[in-house]
Protein chains: 4
Amino acid sequence: MGDEGARVAGARRTREALLEAAAQVFAERGVQAPVRDIAGRAGVGVGTVYRHFPDRAELVIAVYRHQIDECAALAEELTGSPEPGQALERWICAFVEFLVTKHGLGVALQSDDMSLRSLHSLMLDTLVPACGRLVDGAVARGELDPGVTAYALMRAVGNLCLLGPGYDREDAHAMVARLLAGCR
Amino acid sequence: MGDEGARVAGARRTREALLEAAAQVFAERGVQAPVRDIAGRAGVGVGTVYRHFPDRAELVIAVYRHQIDECAALAEELTGSPEPGQALERWICAFVEFLVTKHGLGVALQSDDMSLRSLHSLMLDTLVPACGRLVDGAVARGELDPGVTAYALMRAVGNLCLLGPGYDREDAHAMVARLLAGCR
Amino acid sequence: MGDEGARVAGARRTREALLEAAAQVFAERGVQAPVRDIAGRAGVGVGTVYRHFPDRAELVIAVYRHQIDECAALAEELTGSPEPGQALERWICAFVEFLVTKHGLGVALQSDDMSLRSLHSLMLDTLVPACGRLVDGAVARGELDPGVTAYALMRAVGNLCLLGPGYDREDAHAMVARLLAGCR
Amino acid sequence: MGDEGARVAGARRTREALLEAAAQVFAERGVQAPVRDIAGRAGVGVGTVYRHFPDRAELVIAVYRHQIDECAALAEELTGSPEPGQALERWICAFVEFLVTKHGLGVALQSDDMSLRSLHSLMLDTLVPACGRLVDGAVARGELDPGVTAYALMRAVGNLCLLGPGYDREDAHAMVARLLAGCR
DNA sequence: CATGAATGAGCATTCATTCAT
DNA sequence: TATGAATGAATGCTCATTCAT
């Protein structure tokens, strides 16, 4: 049909509205926010959420995948830099920025909730290896303690990015910087 | 009546049983565990939980107060030590041990849940000042970066103690040690 | 337009695909199966199902009408047989086979669901009279208890064909045979 | 406490109200009726239903257990009768009366719904053995076809008791009688 | 004081049905 | 005519909280 495209376009628009709404709601009330709230924020019915994202995990992943991919890409870019230590530092800094901006991801990463297991997997599959290469490079140059693994490092950084009253983005950045300093 | 004392004693016993039960349940299933589970574990009815602890926050605080006080006492003990840097280190190490043992507290501290706000206050009122003296001592001796505040440090340490699959107690200790190293 | 015929032909094809799909799905998951499953099986959109069969009852009827008509035809054929008792027996046997094969019809017949009321009517209008003639023939020859009505008999047979764990097609056949024996 | 009994008594009353309500609702709208409807009919909140009957199966069983037990007792009573054939007949007749009165049980027995599996078990465990003894007795006296098993017989009888428009209690009794006649 | 029965709001999820394209 | 996206009512279930005994 000739109007096939229109319907698909409409669906894509809805999907995007949902992602937008979910990102906001996740940031405000956490990844466990009621589906209804997300639907409401997006101005759609609950059924629509389920049509696009059969389970919560898929929605969470979809919301963060973009930025996770960007992070991975940045790591790629920095890999092989002549200054591995600095490269790692810059990457971690970008990662922190990502985490504190899209707050809610931190909680999601920390949670051992079944429904968010796949977010862990996504991280493990894309970010950890990417970060791993930077870590390896820095270790090879003696600019990082060989006892530091990419996973534990990212996990720690992720935790340090859990904001709260009296502990804001600046604090997170500062603390992560100190952690890194201590990893040399 | 002459059995006034007996009643009071009974109530105290009940209260203690509740604290014991809550500590266990919090560790196993988190601070958000169903009230009924706690009541059941303590062998009392739900109503009794509400009588002793009108809201969840009070129970959470009561459960952790003992250990928080111990932590504060330890800090007191270490204050004025001839080796302020080492003293801080030892104290933080004990704090970490406390956090990873009573897991659930980490989440509680991080959560911005209204009902747990008072736990923050408790920390602010007892632990932060205690820790603050150690920090001040270390700073005075040039063994700690003056930019480090007791609150942010504890917060960061607390976050680093949020365990999960692939990130255990050992990792937490190691990362906290690195953070401290980076704070000098 | 000249393609009027083509459109009609296409619609007919769609309709047949739907009947085919519905028959399969009804057999597998019962007459209450989700509309979407049927549409999916037929490779069409849900809207198409509604266009062809505005309500579930019409679809159910359409699905079974063919076989119901065949049953009626067989009854016609057997009517006036020189052996009325045997004729009835053979017809009932064929009816049983139909019911246990297209399982789901049994439930449909039994259900007093509003939306399936018309299936009852269909039976009443076609099968009952057809069966009635066989019954009458047998009664006339003294080969059947005059107290047996075609409707009650068919209803009973229909019920005996509701299969389940531990009660299969063989059992249904056997029990129906015994019921018939008891009707002489 | 002295008022322990009062609370328990109240709970028992509620439980009975629930069983009463459930029996009515099951009869009117089937065993799959919404929990809310049952709660409403009993004049209690949904939570109360779940407190007393954690899952639907338990409610269904509780509703019918009394009568199932009575049926089993009757079978016991009739076992060893000097007229095994007649004994079986009388028992089946009582069983039919039970089924057509508590209509809804028929559907429940027929359904292969997971949540009702335990009702099957209950029948299998209590009624089938009880009926089996009567069947054995009748078979031993040559008053019943040895090919008839208690389970298949009960299943068939159960099916014959599924009433509907134009097929009432009388019809069920008559058809069961004929089935039994055919089993000799 | 203790009890636990009762309540009902809250959330997830499914699916029949409508309608713009 | 066909499509499938969107809708929302219906339903199951959990759990915090109250209160009569």
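Throughout, protein chains are lettered first and strands after them, A, B, ... in sequence-line order, and every chain is numbered starting at 1. Not measured: the values here are computed from a predicted model.
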Pairs under 3.5 Å (Watson-Crick or G-U), crossing ones as [ ], inter-strand ones as |: DNA chain F comes out as .||||||||||||||||||||

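Each of D:G45 and C:R56 was assigned the nucleotide of DNA chain E with the nearest heavy atom; the assignment lying further toward the 5' end belongs to D:G45. Of the residues near DNA chain E, B:G47 and A:G47, the one whose nearest nucleotide (by heavy atom distance) lies more toward the 5' end is B:G47. Comparing C:G43 and B:A33 against DNA chain F, the residue whose closest nucleotide sits nearer the 5' end is C:G43. When the nearest nucleotides of DNA chain F are assigned to B:V35 and D:D55 by heavy-atom distance, the more 5′-ward of the two goes with D:D55.
When rounded to the nearest whole Å, the span between NE2 of B:H52 and C1' of E:dC1 equals 8 Å. The CG-C1' distance, from D:D37 to F:dA9, rounds to 14 Å in whole Å. One interatomic measurement links the two molecules: CZ of A:R12 to P of F:dA6, which rounds to 12 Å at whole-angstrom precision. As rounded to whole Å, 14 Å separates atom C1' of F:dG4 from atom CG of C:L18. In this structure, the CZ atom of A:R15 is 17 Å from the P atom of F:dG4, given to the nearest Å. Remark: P of F:dT14 and OH of D:Y50 are 7 Å apart, rounded to the nearest angstrom. The CD1 atom of A:I38 sits 11 Å away from the P atom of E:dT13 (whole-angstrom rounding). Between C:L59 atom CG and E:dT17 atom C1' there is a gap of 15 Å when expressed in whole angstrom units.
The nucleotide whose nearest atom lies closest to any side-chain atom of A:R51 is, among E:dT18, F:dA5, F:dA16, F:dA5. Side-chain atoms of B:P34 lie closest to F:dA16 of the nucleotides F:dA16, F:dA2, E:dA2. When distances run from any side-chain atom of C:V46 to the nucleotides F:dT14, E:dG4, F:dG4, the shortest one goes to F:dG4. For B:R36, counting side-chain heavy atoms from C-beta on, the closest listed nucleotide (E:dA6, E:dC11, F:dA5) is E:dA6. Considering only the side chain of C:T48, F:dA2 comes nearest among F:dT18, F:dA2, F:dA5.
Taking CZ of D:R29 as the reference point, atom CZ of D:R41 lies at 8.0 Å (rounded to 0.5 Å). Taking CG from A:L19 and OH from A:Y64, the interatomic distance works out to 11.0 Å, rounded to the nearest 0.5 Å. Rounding to the nearest 0.5 angstrom, the gap separating the CZ atom in A:R56 from the CG atom in A:L116 is 7.5 Å. Between D:E16 atom CD and D:L18 atom CG the span is 10.0 Å, to the nearest 0.5 Å.
Nearest heavy-atom pair, C:R15 versus C:F53, reported as atom, atom and distance to 0.1 Å: NH1-CE2, 3.6 Å. A pairwise comparison of heavy atoms in D:V35 and D:Y50 identifies CG2-OH, 3.6 Å as the closest pair. For the residue pair A:A22 and A:L59, the shortest heavy atom distance occurs at CB-CD1, 3.9 Å. Across every non-hydrogen atom of A:G158 and A:L99, the tightest pair is CA-CD1, 3.7 Å.
Contact check, B:T14 against E:dA2: a side-chain N or O comes under 4.0 Å of OP1 or OP2.
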